[in-house]
Amino acid sequence: MINHFPLGEISAEQFLAEYWQKKPLLIRNAFPDFIPPVTADELAGLACEEDVESRLIIQNPDNDDWELEHGPFDEERFGELPESHWTLLVQAVDHWSPEAAELMERFRFVPNWRIDDLMISYAADQGGVGPHYDNYDVFLIQASGRRRWEIGGKYDQNSPRRPDVPVMILPEWEAEEAWVLNPGDMLYLPPQVGHNGFADGDDCMTYSVGFRAPAKSEILRQYTDHLSDQLTSEQRYADPDLKLQENSGEISALAMSQVRQMFIDGLEGEALERWFGRFMTEPKYPELFDALQHNEDAPQTTDLNSIDLLHRNEGSRFAYYSGEELVHLFADGIEYPLAKEHLDFVQLLCSSPEVALNGQAFCTEINRVLKALISNGSLYYETLD
Ligand code: SIN
Ligand code: CO
């Protein structure tokens, strides 16, 4: 059952206050009677697709060597694998499977822009990716078979790691706690917690609901790049009111206040908010959107009245910022400013993967935005018969 609040007895508020980004949590039977929406065969099929990101990780148990191969794979590759100690990992399965996307809806107690994707792994007995840490929060749902999870310690960029293998293996990692997860069980891990999960028997499938958090360095670099792109080379430090200094070596407080003002000017109005909304909703695979937008065979709609159901593209990221004068809707890196009176509609688009229109008519402003969202590939639709 995936249409189910997954935190058991714990409310979303309590989870956010006590566990989110703070400490691990094991939830037995988070999804009772869990039927994996994507089967092992479907997963292998996806790993053979050109546009899908996938990896095979194979461990040699005799010498503890590790191998990493990137997809797409030939179907025959799966027939050549050893009996044990390998795992196939497929990224962003929710972008390709509406059923997998539906599972992600259960995690919207975290804002849309913090959600990354659903990664699914399939492992043969003892298969796993080795002891490592991630910089992101994750919910690990056991979908089929059993996996033993060992966790412990906090690690970072300076933690020793094996230099001789193509995957992150923490050589000094030590388990502090361990559990065997059965289908429907779920483990939450905050960033940087060391962990090692390996299949306990065959047919082990784990679904990882992954989150994202931009690096501070990335925010600062990207935003200042964005600001710089709008400036001409004539816009410079200028000092027509320069006064004679006692010592020509001094960088004066007055000069520095002018430099500081450049940063303050860059934050004026809602410039940062509008940039951030675009930046954080950029698609995970922008090239797939480019292909959608340039597909001349894509259905065109000019008649919104004939639309029954609108669907968010499974690979789309929707968010909004309620500004001083306008509500700014962001979808896949594009900003759609709307009058404040449309806040309800924007909220509906951001919170539901599908919206029933039943042919109802909208004002010209909403019509314009809906048409743009459709032609930019962020929404698709079903028509009335
Ligand atoms: C997995 O093996 O399914 C999860 C990998 C991880 O620990 O990040
Ligand atoms: Co991990």
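Counting starts at 1 for both ligands and their atoms, in listed order.
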### Task
Step through it carefully: locate the ring centre of Y321, locate the ring centre of F276, and say whether they are under 6.0 Å apart.
no
### Task
Measure from the ring center of F109 to the ring center of F15 and say whether it is less than 6.0 Å.
yes
## Note on the structure
On a heavy-atom basis, the closest approach of L170 and Y133 is CD1-N, 4.0 Å
### Message
Between V38 and E99, does the side-chain contact (heavy atoms from CB on, under 4.5 Å) criterion hold? Intermediate values first, please.
### Response
CA-CA 8 Å; V38 177; E99 292 77 21; 5.8 Å; no
### Sole residue of D332, D117, D116, D94 in salt bridge (charged side-chain N to carboxylate O under 4.0 Å, His left out) with R317
D116
### Query
Would T206 and W149 satisfy side-chain contact (heavy atoms from CB on, under 4.5 Å), going step by step from the backbone distance to the final call?
CA-CA 11 Å; T206 302; W149 280 107; 4.2 Å; yes
Could you list each N/O atom of ligand 1 together with any protein N/O atom closer than 3.5 Å, one pair per line with the distance?
unit_1   : atom_1 : unit_2 : atom_2 : d
ligand 1 : 3 (O)  : S121   : OG     : 2.5
ligand 1 : 7 (O)  : H132   : NE2    : 3.2
ligand 1 : 7 (O)  : H195   : NE2    : 3.2
ligand 1 : 8 (O)  : H132   : NE2    : 3.2

#### Entry: Side-chain donor or acceptor of S252 paired with backbone N/O of A255 under 3.5 Å
yes
### Task
Under 2.8 Å from the Co ion (ligand 2), which protein N, O or S atoms are there? Could you list them by chain and number?
H132 NE2, D134 OD2, H195 NE2
### Query
Do K22's NZ or CZ and the ring of Y19 fall within the cation-pi criteria of under 6.0 Å and 45°?
no
### S159 and K154: side chain donor to acceptor below 3.5 Å
no
